[in-house]
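Presented below is the structure to which this report refers.
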Amino acid sequence: MAVSVRVRIAPSPTGFAHLGTASTALYNVLFARQNGGTFVLRIDDTDMERNRPEYELLIFESLRWLGLEWNEGPDKGGPFEPYRQSERLDIYKEEAARLLKDGNAYRCFCTPEELEAERKQAQLEKRPYVYSRRCLTDPPEGRTVFAVRFKVPGGEVAFTDMVRGDMRFDASLIGDFIIVKSDGYPTYQFASPVDDALMKMTHVIRGEEHLSNTPYQLMVIDALGYERPAAFAHMPLILAQDGAKLSKRKHPESNLILFREQGYLPEALINYLALLGWNPGTEQEIFSFDELVSVFSFDRVQHGGARFDWEKLNWLNGEYIRNLSDRELALRLRPFVPNVDEQTLERAVPALKTRMHKLTQAIDYLNYLWTDPAPPALDSATIERVRSAIDALQDVEWAPGAIEAALESAVAASGAGKGKFYTPLRDVLTGKKVSLPIHYTLALLPKDVALSRLHRAIKAQV
RNA sequence: GGCCCCGUCGUCUAGUGGCCUAGGACGCAGCCCUCUCAAGGCUGAGAUCGCGGGUUCGAAUCCCGCCGGGGCUACCA
């Protein structure tokens, strides 16, 4: 019987969860779901300087919002606890000691300045830099502060990548790298493979930035005598507008929480992310999550990075909004327009639906309901039209259909066009040039409020 | 600098030697619908397939060189 699939994502709480986090999480979940596997969330918090505990909560929240729930993780436990690297320090210490004892690692007493000098020198001589191994062959005397370096065995490291096929790297080009920092914390190149092995990961699916890190990690796993993951998958990077890798610091707009705040639907973002770097080979663009699970495959994944395109996301999000039932859309809109009562919101939805590519846009359409626009200046002909509108509306049933009918006969009687007639009404009611269709604009307002705004506009003229 | 990945309309992509006068989607333009804004319908512009050499009867598709972009090369992850 085959071992069941285990995959993971391992974000570091050095910032908010961003598009890249979501993207790798998605592919991991898709693959796990396809194979009845387990999706693990591990927190790689070994950077003492930059970790902030509150970011961990943000990561949980963002992933849950997207519906990318994990089976094992720091908040829900599992058979390989703990799932926070900061709580596994003794494990790394032990493994490092083992490497030290077996001669696969050694202590390095070099100072950052000395290493910097080595690097500069190599650059000057135009030779590729690898650590000199000074501390292996001729360690300086009398120093107490040290880091631990992995002794790179050289040779070739080969592995299978589900996206790119067979990969091979020449390890003689890789210098002895640090696996334990002088503060006692493990580096990513060490903690990550140790945990992948210990947590029995069968597949490692992550961003392309880790492709060249893979040989480092495989060498560590080999030296420790653990079993390697069966395969890797290095997914194309999500690029910013300038073509550079999306980063938390340079691209704060990639914060997932912001997507929620702007009114993007999680299912739309998922759909868009899936299409960034992967394509089904058909012309289908809209995919439910279950459809993605059934049709996704690594061999149709792009090898090059893809620029994130807000325009296309907006379109997709609009499509998803339009496909929501009125009830469901009203529900999702609630938090964005807390000033609007439930009933009014539900009545607004049919008109709102085709006019939004994100939920926040409802605010622009509805805020005339809870604000009071100043009466505009009107010429005498316009005043007449407003007056006849008031007359027409006076005894009408307060619903869009009836209002529309009443207004249309008033328009016909006035001899003016709908534009001339409706534009000032819109202006008086909302103070804006753009609004929902005029009969909706009226109907959503309480009748007395609507009529008093119209009355007031007429009186305001001298 | 070294190693690795990539290079088709502005963007995301289809395409694995002839089906390509290079297809789709977003965006853009025009028209229709229309009280505004959308949505919807129709039409259109937009890519000498990074460049230069080959191979071949025939290349976006194969080979070589170059150029360009990105990633890694940290006591960040």
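FYI, side chains are in, hydrogens and waters are out, and symmetry mates aren't considered; it's all heavy atoms of this structure.
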Note to self: In whole Å, measure the gap between the P atoms of B:A29 and B:C37 for me.
What the structure shows: 14 Å
Next item on the list: Calculate the interatomic distance between A:Q284 atom CD and B:A25 atom P; express it in whole Å.
Entry: 14 Å
Notebook entry, point to check: Given that both distances must come in under 3.5 Å, which nucleotide forms a Watson-Crick or G-U wobble pair with B:U11?
Noted result: B:A25
Check: Paired with B:C62 by Watson-Crick or G-U wobble geometry, both distances under 3.5 Å: which nucleotide is it?
Finding: B:G54
Next item on the list: Take the protein atom CD1 of A:I286 and the nucleotide atom P of B:G24, then report the distance between them rounded to whole Å.
Entry: 18 Å
Item checked: Side-chain touch A:P229/A:I221, heavy atoms, less than 4.5 angstrom -> yes
Item checked: Rounded interatomic separation in angstrom, taking CD from A:E283 and C1' from B:A25 -> 9 Å
Next item on the list: For B:U61 versus B:U56, give the span between their C1' atoms, rounded off to a whole number of Å.
Entry: 13 Å
Margin query: Suppose you measure atom P in B:G70 against the same atom in B:G53; what distance do you get, rounded to whole Å?
Written below: 27 Å
Note to self: Quick check on RNA chain B: between A:D183 and A:R127, whose nearest nucleotide comes earlier from the 5' end?
What the structure shows: A:R127
Margin query: Distance check, P atoms only: B:G15 and B:G7, in whole angstrom units.
Written below: 13 Å
Item checked: Contact pattern, 5' to 3', of nucleotides 32-47 of chain B - B, S or - by protein heavy atom under 4.0 Å -> ---BBBBSS-------
Next item on the list: Please report, rounded to the nearest Å, how far the P atom of B:G70 is from the CG atom of A:L237.
Entry: 12 Å
Notebook entry, point to check: Is A:R119 near enough to B:C75 that one of its side-chain N or O atoms lies under 4.0 angstrom from OP1 or OP2?
Noted result: yes
Notebook entry, point to check: Under 6.0 Å between ring centres, would you say that holds for A:F287 and A:F289?
Noted result: no
Item checked: By side chain to side chain contact (heavy atoms under 4.5 Å, CB included) - contacts of A:V340 (at least two apart) -> A:V337, A:T344, A:L345, A:L366, A:L369, A:W370
Check: Which residue pairs pass the side-chain hydrogen bond (donor to acceptor under 3.5 Å, both in side chains) test with at least one member in residues 145-157 of chain A, sequence neighbours excluded?
Finding: A:E156-A:R168
Check: Is the base of B:C75 touched by the side chain of A:S182 through a donor-acceptor pair closer than 3.5 angstrom?
Finding: yes
Next item on the list: Determine the contact category for A:H210: base if any of its heavy atoms lies under 4.0 Å from a base atom, sugar-phosphate if only primed atoms, P, OP1 or OP2 are that close, otherwise nothing.
Entry: base
Next item on the list: Give the rounded distance in Å between these two atoms: CD of A:E114 and C1' of B:C75.
Entry: 13 Å
Next item on the list: Return the nucleotide paired to B:U16: Watson-Crick means purine N1 to pyrimidine N3 with N6-O4 or O6-N4, wobble means G-U with N1-O2 and O6-N3, both under 3.5 Å.
Entry: none
Check: For atom C1', what is the distance between B:G44 and B:G54, given to the nearest Å?
Finding: 39 Å
Next item on the list: Could you pick out which residue, A:Q123 or A:V145, lies toward the 5' side of RNA chain B when each is mapped onto its nearest nucleotide?
Entry: A:Q123
Check: If you measure from the P atom in B:G40 to the same atom in B:G27, how many Å do you get, rounded?
Finding: 9 Å
Checklist line | Set of ring pair (Phe, Tyr, Trp, His ring centres under 6.0 Å) partners for A:F177, sequence neighbours left out | finding: A:F150, A:Y216
Item checked: Distance, rounded to the nearest Å, where A:D170 contributes CG and B:C3 contributes P -> 9 Å
Next item on the list: Could you please name the partner base of B:U34, counting Watson-Crick and G-U wobble pairs only when both distances are under 3.5 Å?
Entry: none
Check: A:E311 side chain: which of B:G27, B:G24, B:G71 is closest?
Finding: B:G27
Notebook entry, point to check: Expressed as a whole number of Å, how far does the C1' atom of B:C9 sit from that of B:C26?
Noted result: 12 Å
Next item on the list: For the pair A:R98 and A:E94, evaluate salt bridge (charged side-chain N to carboxylate O under 4.0 Å, His left out) and give the outcome as yes or no after the intermediate values.
Entry: CA-CA 6 Å; A:R98 204 146 65 79; A:E94 208 173 289; over 6 Å; no
Check: Partners of A:T111 by side chain to side chain contact (heavy atoms under 4.5 Å, CB included), sequence neighbours excluded?
Finding: A:E113, A:E114, A:R143
Checklist line | A:R84: side chain to side chain contact (heavy atoms under 4.5 Å, CB included) partners, not counting sequence neighbours | finding: A:I43, A:D45, A:E56, A:P74, A:S86, A:E87
Notebook entry, point to check: What one-letter contact string describes nucleotides 5-20 of chain B from 5' to 3', where B marks a base within less than 4.0 Å of any protein heavy atom, S marks contact via sugar-phosphate atoms alone, and - marks no contact?
Noted result: SS----SSSSS-----
Checklist line | Watson-Crick/G-U partner (both atom distances under 3.5 Å) of B:C3 | finding: B:G71
Note to self: Please report the distance, rounded to the nearest Å, between CZ in A:R42 and C1' in B:A77.
What the structure shows: 11 Å
Margin query: Any strand counts, and the cut-off is 3.5 Å on both contacts for Watson-Crick or G-U wobble. Which nucleotide pairs with B:C49?
Written below: none
Note to self: Once side-chain hydrogen bond (donor to acceptor under 3.5 Å, both in side chains) is applied, what residue pairs with a partner in residues 404-414 of chain A remain, sequence neighbours excluded?
What the structure shows: A:E408-A:K418
Note to self: Suppose we call two aromatic rings close when their centres sit under 6.0 Å apart. Are A:W70 and A:F60 close by that rule?
What the structure shows: yes
Nucleotide N/O of nucleotides 61-67 of chain B paired with protein N/O under 3.5 Å:
none

Next item on the list: Quick one: list whatever passes side chain to side chain contact (heavy atoms under 4.5 Å, CB included) with A:D183, sequence neighbours left out.
Entry: A:M48, A:K181, A:Y185
Next item on the list: Return the value, rounded to whole Å, for the distance between atom CD of A:E209 and atom C1' of B:A74.
Entry: 15 Å
Next item on the list: Check whether any side-chain N or O of A:T46 sits under 4.0 Å from OP1 or OP2 of B:C76, and answer yes or no.
Entry: no
Margin query: Would you measure the distance from the P atom in B:U11 across to the matching atom in B:U48 and give it in whole Å?
Written below: 12 Å
Check: Reckon A:D47 touches a base, only the sugar-phosphate, or nothing at all at heavy-atom distances under 4.0 Å?
Finding: sugar-phosphate
Next item on the list: Classify the nucleic acid contact of A:F190 as base, sugar-phosphate or nothing, counting any heavy atom under 4.0 Å across all strands shown.
Entry: nothing
Show me the side-chain donor-acceptor pairs of residues 421-431 of chain A shorter than 3.5 Å, one per line, residues at least two apart or across chains.
from   : atom 1 : to     : atom 2 : distance (Å)
A:T423 : OG1    : A:G419 : O      : 2.7
A:R426 : NE     : A:S435 : OG     : 2.8
A:T430 : OG1    : A:R426 : O      : 2.7
A:T430 : OG1    : A:K432 : N      : 3.0

Margin query: Please confirm whether the ring centroid of A:W310 lies under 6.0 Å from the ring centroid of A:F259.
Written below: yes
Anything under 3.5 Å between a donor and an acceptor, one on a side chain of residues 117-125 of chain A, the other on a protein residue two or more places apart or in another chain? List them.
from   : atom 1 : to     : atom 2 : distance (Å)
A:E118 : OE1    : A:Y129 : OH     : 3.0
A:E118 : OE1    : A:S132 : N      : 3.4
A:E118 : OE2    : A:S132 : OG     : 2.4
A:R119 : NH1    : A:E116 : OE1    : 2.9
A:Q121 : NE2    : A:E125 : OE2    : 2.6
A:E125 : OE1    : A:R127 : NE     : 3.0
A:E125 : OE1    : A:R127 : NH2    : 3.3

